[in-house]
Novice: 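Sharing a structure below in structure tokens format, with a few things to ask.
Side chains are part of it too, since the values below use all heavy atoms of this structure and drop only hydrogens, waters and symmetry mates.
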Amino acid sequence: TDLNLPPETELQLLRIVQEALSNVRKHAQASAVRVSLLNGGPGLELRVSDNGVGFSAAQIGSDREGGRSHYGLSTMRERAEAIGASFEISSCLGRGTCVVVCLNAQKAA
């Protein structure tokens, strides 16, 4: 169905998917990735998940201190916040990563 999202919202969601897929390609060593967009209930949910190597929050912190940045993660969060959406990332070493963006019904219209 046609979601009738504002053009800026569509663009930011597309960019989040692109960044998430780029991260999977560069870092995850995944054999599978799934992108889903669910429209219903309280709003819209965008989810990108993979079965890759995953990472830990501690690993991200130590990478920053060691000079490696994770601009992609912060950029995805900023893009979600710019359209009034929530952003969540969960990952477990050896079990993959999942990025979830939720946009409530009023903001999706």
Side-chain angles (χ1 to χ4, degrees):
T1 60
D2 187 8
L3 298 175
N4 292 322
L5 296 173
E8 182 63 19
T9 299
E10 288 182 355
L11 179 62
Q12 296 303 340
L13 291 173
L14 173 64
R15 297 291 188 223
I16 291 168
V17 170
Q18 287 176 322
E19 182 63 35
L21 291 175
S22 177
N23 285 345
V24 171
R25 182 180 55 82
K26 291 177 186 175
H27 308 293
Q29 300 173 23
S31 63
V33 62
R34 178 181 209 137
V35 178
S36 62
L37 184 65
L38 304 171
N39 183 23
L44 186 72
E45 179 187 276
L46 168 67
R47 183 179 295 259
V48 180
S49 56
D50 68 65
N51 66 349
V53 297
F55 60 88
S56 69
Q59 178 183 5
I60 294 298
S62 66
D63 284 353
R64 275 197 193 123
E65 293 161 13
R68 283 184 60 195
S69 292
H70 298 277
Y71 295 116
L73 298 179
S74 61
T75 300
M76 285 189 287
R77 180 178 303 283
E78 290 168 6
R79 288 182 182 281
E81 290 171 355
I83 58 172
S86 65
F87 177 85
E88 181 180 322
I89 186 162
S90 59
S91 189
C92 185
L93 287 173
R95 300 189 69 195
T97 300
C98 184
V99 171
V100 179
V101 177
C102 293
L103 185 63
N104 72 34
Q106 288 82 21
K107 293 182 181 174

Novice: Quick one: side chain to side chain contact (heavy atoms under 4.5 Å, CB included) partners of S22, sequence neighbours excluded?
Specialist: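 For S22, the residues satisfying side chain to side chain contact (heavy atoms under 4.5 Å, CB included) (neighbours in sequence not counted) are R25, K26.
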Novice: Mind listing the closest non-hydrogen atom pair of S86 and A80 along with its distance?
Specialist: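 Reported closest heavy-atom pair: O-CB, 4.2 Å.
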Novice: Determine whether L21 and V35 make a side-chain contact, defined as any pair of heavy atoms from C-beta on separated by less than 4.5 Å.
Specialist: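 Contact flag for L21/V35 side chains = yes.
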Novice: Could you tell me whether the side chain of V100 reaches within less than 4.5 Å of the side chain of F87, counting heavy atoms only?
Specialist: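 No, their side chains stay 4.5 Å or more apart.
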Novice: Could you pull out all residues at least two apart from N51 that satisfy side chain to side chain contact (heavy atoms under 4.5 Å, CB included)?
Specialist: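 Result, side chain to side chain contact (heavy atoms under 4.5 Å, CB included) vs N51: A30, S31, A32.
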Novice: If you round to the nearest 0.5 Å, how far is CG of L5 from CG of L13?
Specialist: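 Interatomic distance, L13 CG to L5 CG, rounded to 0.5 Å: 6.5 Å.
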Novice: Under the side chain to side chain donor-acceptor pair (under 3.5 Å) rule, collect the residues that match up with S91, sequence neighbours excluded.
Specialist: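 With neighbours one apart ignored, the set is T97.
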Novice: List in chain and number order the residues that pass side chain to side chain contact (heavy atoms under 4.5 Å, CB included) with L11, two or more places apart in sequence or in another chain; answer none if no residue qualifies.
Specialist: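 Counting only residues at least two positions away or on another chain, L11 forms a side chain to side chain contact (heavy atoms under 4.5 Å, CB included) with E8, R15.
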Novice: Determine whether L73 and N23 make a side-chain contact, defined as any pair of heavy atoms from C-beta on separated by less than 4.5 Å.
Specialist: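 L73 vs N23: side chains touch.
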Novice: Only counting residues at least two apart or in another chain, list the ones meeting side chain to side chain contact (heavy atoms under 4.5 Å, CB included) with L37.
Specialist: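 Scan of L37 (side chain to side chain contact (heavy atoms under 4.5 Å, CB included), adjacent residues dropped) gives L3, L44, L46.
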Novice: With hydrophobic residues grouped by side-chain heavy-atom distances under 4.5 Å, do V24 and I89 end up in a single group?
Specialist: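 Yes, one cluster joins them.
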Novice: Could you give all pairs that pass the salt bridge (Lys or Arg N to Asp or Glu O under 4.0 Å) test and reach residues 73-93, with sequence neighbours left out?
Specialist: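 Counting only pairs at least two positions apart or across chains, no salt bridge (Lys or Arg N to Asp or Glu O under 4.0 Å) contact touches residues 73-93.
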Novice: Which atom names give the shortest non-hydrogen contact between S56 and L93, and what distance separates them?
Specialist: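 Heavy atoms only, the tightest pair is N-CD2, 4.1 Å.
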Novice: Transitively linked via ILVMFWY side-chain contacts under 4.5 Å: F55 with V53?
Specialist: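 Different clusters: F55 never reaches V53 through Ile, Leu, Val, Met, Phe, Trp or Tyr contacts under 4.5 Å.
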Novice: Can you tell me which residue pairs pass the salt bridge (Lys or Arg N to Asp or Glu O under 4.0 Å) test with a partner in residues 27-54, sequence neighbours excluded?
Specialist: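 Residue pairs with at least one partner in residues 27-54: E45-R47.
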